[in-house]
Participant: 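Would you mind keeping the following structure in view while I ask a few things?
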Amino acid sequence: MNGKEHDPGLENGGPLTCHDCRDGLQEYLDGTLAKKRSLQYFLHLRECSACQESHATMQGLFEMLDTLPACEVPADFDDAILASVPYASYQEMEPLRRERVPVYLEEHFLPQLVRSRTTRWSGLGVSLVSIVAAVALEGPAWLPISAGIGLVPELLVRAQGLGRRMVSTGSAGRAES
Ligand SMILES: [Zn+2]
């Protein structure tokens with residue numbers, strides 16, 4: 001609070017009102033007021049028992065706060081808070097946590113069978129064998145086709161990942177500008 005706009009007492013050079021006084025008590029106690037201003041508080045407090053009371057209360061509170069031991073935040077503070085959140089609510093917050101991407105870029109848009117590591121790796125294996133067979137052995141014409149099909153699961157997963165990265169860097173760029 002800069003205390004200038006809402007403070008007719010200061011602008012008019014007149015005495016502080018009780019309202020102004022209580023508004024700026026914290027700054028007065030912190031010693032952050034200008035000298036002249038601080039003197040106004042001092043004079044008002046000397047005369048006004050109601051503000052004296054507020055002053056004493058706040059001063060007592062500050063002194064009490066000063067006596068509190070500094071306490072370290074426990075290392076597992078975040079975990080403890082997360083652990084206290086019911087799992088159902090945590091799951092409900094999932095859409096808020098993740099970056100917004102079009103549905104076809106969501107991982108679960110692809111069937112689990114396509115996404116599974118086994119499918120992708122066997123697909124790559126089939127492709128590799130087909131390519132080697134097609135090149136080295138001049139095998140049947142369907143070999144390049146099976147090579148292409150074998151690549152499909154891996155390519156789909158990678159294209160999705162690339163798409164998600166492009167979307168998220170795009171939105172990060174928009175946020176910066
Ligand atoms: Zn007062």
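Predicted model, so just to flag it, every value in this text is computed and none were measured.
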Participant: Are Leu39 and Lys36 packed together at the side-chain level, in the sense that at least one heavy-atom pair is separated by less than 4.5 angstrom?
Facilitator: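 SC-SC contact between Leu39 and Lys36 ruled out.
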
Participant: If I take atom OG1 from residue Thr67 and atom CZ from residue Phe62, how far apart are they, to the nearest 0.5 angstrom?
Facilitator: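 Rounded to the nearest 0.5 Å, the OG1-CZ separation comes to 13.5 Å.
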
Participant: If I take atom CE from residue Met64 and atom CG from residue Leu68, how far apart are they, to the nearest 0.5 angstrom?
Facilitator: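 If we round to the nearest 0.5 Å, Met64:CE and Leu68:CG are 6.0 Å apart.
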
Participant: Is there a chain of hydrophobic side chains (I, L, V, M, F, W, Y, each step under 4.5 Å between heavy atoms) that links Ile81 to Val73?
Facilitator: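 Shared cluster, yes.
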
Participant: I need the Leu61 CG to Leu29 CG distance, nearest 0.5 Å.
Facilitator: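 Answer rounded to 0.5 Å: 10.0 Å.
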
Participant: Do Gln112 and Ser116 make a side-chain contact, defined as non-hydrogen atoms from C-beta onward lying under 4.5 Å apart?
Facilitator: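 Heavy-atom side-chain distance check passes, below 4.5 Å.
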
Participant: Please tell me if the side chains of Gln160 and Arg164 come closer than 4.5 Å, counting only heavy atoms from C-beta onward.
Facilitator: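 Yes - at least one pair of side-chain heavy atoms lies under 4.5 Å apart.
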
Participant: CG of Leu33 to CG of Leu25: how many Å apart, nearest 0.5 Å?
Facilitator: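 Atom-to-atom, Leu33:CG and Leu25:CG are 9.5 Å apart.
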
Participant: Considering all heavy atoms of both residues, which atom of Pro153 and which atom of Thr119 are nearest to each other, and what is their separation?
Facilitator: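 Between these two residues, the closest heavy atoms are CG-CG2, 4.1 Å.
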
Participant: So does Glu154 get a backbone contact from the side chain of Arg120, meaning a donor-acceptor N/O pair under 3.5 Å?
Facilitator: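 Flag not set: sc Arg120 to bb Glu154 has no pair under 3.5 Å.
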
Participant: Looking at every non-hydrogen atom in both residues, tell me the closest pair between Leu45 and Cys21 and how far apart they are.
Facilitator: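 Smallest interatomic distance, heavy atoms only, reads CD2-SG, 4.1 Å.
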
Participant: Is any side-chain heavy atom of Cys48 closer than 4.5 Å to a side-chain heavy atom of Cys18?
Facilitator: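 Yes; the side chains approach each other to less than 4.5 Å.
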
Participant: Report whether Leu113 and Leu110 are members of the same hydrophobic cluster (ILVMFWY, side-chain heavy atoms less than 4.5 Å apart, transitive linking).
Facilitator: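 No, Leu113 does not connect to Leu110 through the hydrophobic network.
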
Participant: Between Leu16 and Met58, is there a shared hydrophobic cluster once you connect ILVMFWY residues whose side-chain heavy atoms come closer than 4.5 Å?
Facilitator: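 As far as the 4.5 Å side-chain criterion goes, Met58 and Leu16 are connected within one cluster.
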
Participant: Side-chain heavy atoms nearer than 4.5 Å, only ILVMFWY residues, links allowed to pass through others: does that put Val114 and Val152 together?
Facilitator: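 Per the 4.5 Å side-chain linkage, Val114 and Val152 are co-clustered.
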
Participant: Please indicate whether Glu72 has more than 12 foreign heavy atoms, meaning atoms of other residues, nucleotides or ligands, lying under 6.0 Å from its CD.
Facilitator: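 Atom CD in Glu72 is not packed in, count stays at 12 or less.
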
Participant: Does the side chain of Thr32 come within less than 4.5 Å of Gln26's, by heavy atoms?
Facilitator: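 No, side chains not in contact.
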
Participant: Shared ILVMFWY cluster between Val157 and Trp121, side chains joined below 4.5 angstrom?
Facilitator: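 Not linked; separate clusters.
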
Participant: Between CZ of Arg46 and CD of Gln52, what distance do you get to the nearest 0.5 Å?
Facilitator: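 Arg46 CZ to Gln52 CD: 10.5 Å, rounded to 0.5 Å.
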
Participant: Check the angle between the aromatic planes of Tyr28 and Tyr41 and answer parallel, tilted or perpendicular using the 30° and 60° thresholds.
Facilitator: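 Geometry flag for Tyr41 against Tyr28: parallel rings.
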
Participant: Please name the pair of heavy atoms, one in Ser130 and one in Leu143, separated by the smallest distance, quoted to 0.1 Å.
Facilitator: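 Closest heavy-atom pair between Ser130 and Leu143: CB-O, 3.4 Å.
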
Participant: Give, for atom NE2 of His55 and atom CZ of Phe42, the distance between the pair rounded to the nearest 0.5 Å.
Facilitator: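 Here the interatomic distance stands at 10.0 Å.
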
